[in-house]
Chemist: 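Dropping a structure here in structure tokens format, bear with me for questions.
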Amino acid sequence: MDSVLRIIIQRLGLGALTLLVVSIVIFIAVNLLPGDFAQAILGQGATPEAIESIRRDLGLDQPYLSRYFNWLAGTLQGDLGTSFAQANFASFTGSQELTTVAAQIAPRFENTMFLAGVTAAIAVPVSLTLGILAALYRNSVFDRATNIFTLSSISSPEFFLAYILILFLAVLNPLLPSLSNIFEGMSLSERFIKTLLPALTLTLVVTAHMMRMTRAAIINLLASPYIEMARLKGLSPMRVIVVHALPNALAPIINVIALNLAYLITGVVVVEVVFVYPGIGQLFVDSVKIRDIPVVQACCLIFAGAYILLNLLADILSILSNPRLRHPK
Amino acid sequence: MTRLNRRQFAVSALAAAGYSSRALAHDSPPPHDHVMGGTLTAGLSGANTSDSWDGRTHSDLFMIASAMGCVFDCLTENGADGTLQGELAESWEASADAKTWTFNLRQGVTFHNGKDFGADDVIASLQMHVAEGAKSAAKPIVSAITEMKKMNDHQVQFVLENGNADFPYLLSDYHILMYPADDIEGAIANGIGTGMYRAVNLDPGVRMIAERYDGSYKGMAHFDSIEYIAINDNTARMNALLTGQVDAINRIDFKTEALLRANPNLRIQEVTGNQHYTFPMLTDVEPFNDVNVRRALKYAINRQEMVDKILLGHGQVGNDTPIGPANPYYAGNMEQLAYDPDKAKFHLQQAGLSSIDIDLSASNAAFEGAVDAAQLFQASAKAAGININVVQEPSDGYWSNVWLKKPFCACYWSGRATEDWMFSTAYEAGVPWNDSQWDEKDSARFQELLVTARAELDPARRAEQYGEMQQILRDDGGVLVPMFANYVQAVSNKIGTPNTIGNLWQMDNARMAERWWMA
């Protein structure tokens, strides 16, 4: 168990370093984009004086290095700062009350996690089952049909899948709402129904990956001697796969599931926009549009953090599921 | 032109006699004709995560409809037919020089927190815009007031720096909302106004909920409650309407308008207002400093083709003036400029040129389809010996780096309720947004008329003056205004709407909560 602990600590350290690099890259990238917050927010009203005064109020006239280190110092102390939009708004009205980035992101993040959770609850069991069945009936009509269906759905752009689902499940057969405008105080069942269409869209996107990995990992093992032994014992094919092959195939499957879960948190931008789902992706898009660096930075840290933690979790779980990995040579 | 005359009549009734507006109060049919109750759910664009109940920051439809159109009120209101009506002001009168204005406020009006509305609230609400550090878009309007006097609890007197016959119009600006004087901060935090609906919840960038306020002075609201859902994405907005999750949406994509029109459960509302797309040229830069070159360009642009291909027919040709059908002194009968390469050539010769090369900067940040419009212009101008080189500019920073900087570019304006407001924003010599840099020398007569007409209280003389100004703009002006773009919105047949829909803003001047009902 010591080795596992050591791996966790080591990986967390590397993760922190990754976050730092991500924050530097994002800061440089957003600043390389043409236009800044003052120009974006003023639009047609951008007189030189107005731009000047907004830049001064927000500290955008400071050199890049000092702006970055100010932000970094705040973040290390747990203060993600205030979004430019809010700070500008406050200076606009002369008021002092500010909504912090953390307060702005928290409810959005909660919504995104809810969507990811609902999707995972549907997608993971479905793709595991499909993968096992496809391995069981490999090269049959069922196997091919599943492959074609999942591969074509992963190959289509998300917004296209979303519109197809809206067409069939909301417009032609009004079963589900096409608008996922969930809000606080909504009952859980209502929230669930409103979340269903985006969740189904994301399910279509992530299923292929997990299902095909399950199928491939199991088929890979079916040639091994111990499976042959099990088969010779006279076990049913289903039992051979679920009880004998699956536990040994878990490591790669867990890896793929973790990657896809991370995708559900970071890659939902388009789906959130199409369904008007008030999640973190929408906030991210809006913030990039107006070059609101503090919000963009915070969102990116969350995205990167999700990837790092889920990957770490995947590695730990595959190590635990496979004792051989606990003792690296 | 019956409409124009009616409007002019109304303006004269108000301004000339300095007379009461009581007779002109709400033109929609009396509420008891309609079914009461139900919820109006609308999907609106123009929402932001930084939205709040502070009128000084409002700039797009979502908050304008939520605040001015629902929870808050202004002193005056633009009626659907273009007349100016009293909202919280009952009547007003001006001194002969249009410098001193006295407003009589409606009595018995209460805020949603029970406080009585009176003169102190008006003064405090106006002063918000010139407060230390505040950067309100309505600051120019309020800072032109040199003195605000409380005559009694329900009468206020304003003294202006210079005479302005349009002053009551300016007070209908959606920024200038009335807040309770004793707790403006709290009113901004919780949305406490005098409107027909009381704010229940504002989730910035997500939604706004309001419910009927029984004590409203405007009479019983038709709806029990109002729900505005923020949907900035065009397709999502259309889907929401098609699947019946909202009853009305704004800003229909012209490309899909036909599909919506085919749906029997919906109807499309289309009005031509003051929103116009332009190509301003800097008149202090060669070759645009020569009025003959400007005239050549006026004949070299095919306006009808632009309306047909860029707006897909959802608009009206422009006549190189920013004054549109929603303005009181719109000169709709003025002779229309038309595409005529021969005339363009003639004017080019007048300038001593046989052909000319011009760069035209465009980006879709200026308006949807601006680059295509520039290319159409390029093709039509070629026949007149004008070689336009279309320079595609990046959308980011367009307004800072291209507009007002490049000699010839694409631009848009949403227009203003009055002529003077529009002219003094973008055509008065020396103002920062004068995007053709039209100076005193080049436009002496226009600038002179602008000042005279501003303080003129006689509507007949004003009509004459504004008519002449529009003519000057058409003939000599430095801004090409090839088209006025319609406001197009869609409403479910579950909702009843009046015959006349406001054209100053989208969604019945953003006042659908007050004016519409359950059918």
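Every chain is numbered from 1, with letters handed out A, B, ... down the list of sequences.
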Chemist: Where on B:N239 is there a heavy atom nearer than 4.5 Å to chain A: the side chain, the backbone, both, or neither?
Modeler: both

Chemist: Going from CG on A:D286 to CG on B:N48, what distance comes out if it is rounded to the nearest 0.5 angstrom?
Modeler: 7.5 Å

Chemist: Looking at B:N232, B:V246, B:L242, B:T235, which one has more heavy-atom pairs under 4.5 Å with chain A than the rest?
Modeler: B:T235

Chemist: So what's closer than 4.5 Å to chain A heavy atoms on B:N401: side chain, backbone, both or neither?
Modeler: side chain

Chemist: Is chain A contacted by the side chain of B:A131, its backbone, both, or neither, given a heavy-atom distance below 4.5 Å?
Modeler: neither

Chemist: Testing the basics here: between B:A236 and A:V274, what is the closest heavy-atom pair and its distance to 0.1 Å?
Modeler: CB-O, 3.3 Å

Chemist: Of all of A:S287, A:P174, A:P177, A:P107, which one pairs up most often with chain B through heavy atoms under 4.5 Å apart?
Modeler: A:P177

Chemist: So for B:A365, is it side chain, backbone, both, or neither that comes closer than 4.5 Å to the heavy atoms of chain A?
Modeler: neither

Chemist: Above 12 or not: heavy atoms from other molecules or residues under 6.0 Å from CZ of A:F183?
Modeler: yes

Chemist: Within the structure provided, determine whether A:R108 and B:V206 are in side-chain contact (heavy-atom separation under 4.5 Å).
Modeler: yes

Chemist: Chain B heavy atoms under 4.5 Å from A:Q282: which part of the residue, side chain, backbone, both or neither?
Modeler: neither

Chemist: For A:L179, is there any backbone N or O sitting under 3.5 Å from a side-chain donor or acceptor partner on B:Q245?
Modeler: yes

Chemist: Side chain, backbone, both or neither: which part of A:F275 has a non-hydrogen atom closer than 4.5 Å to chain B?
Modeler: neither

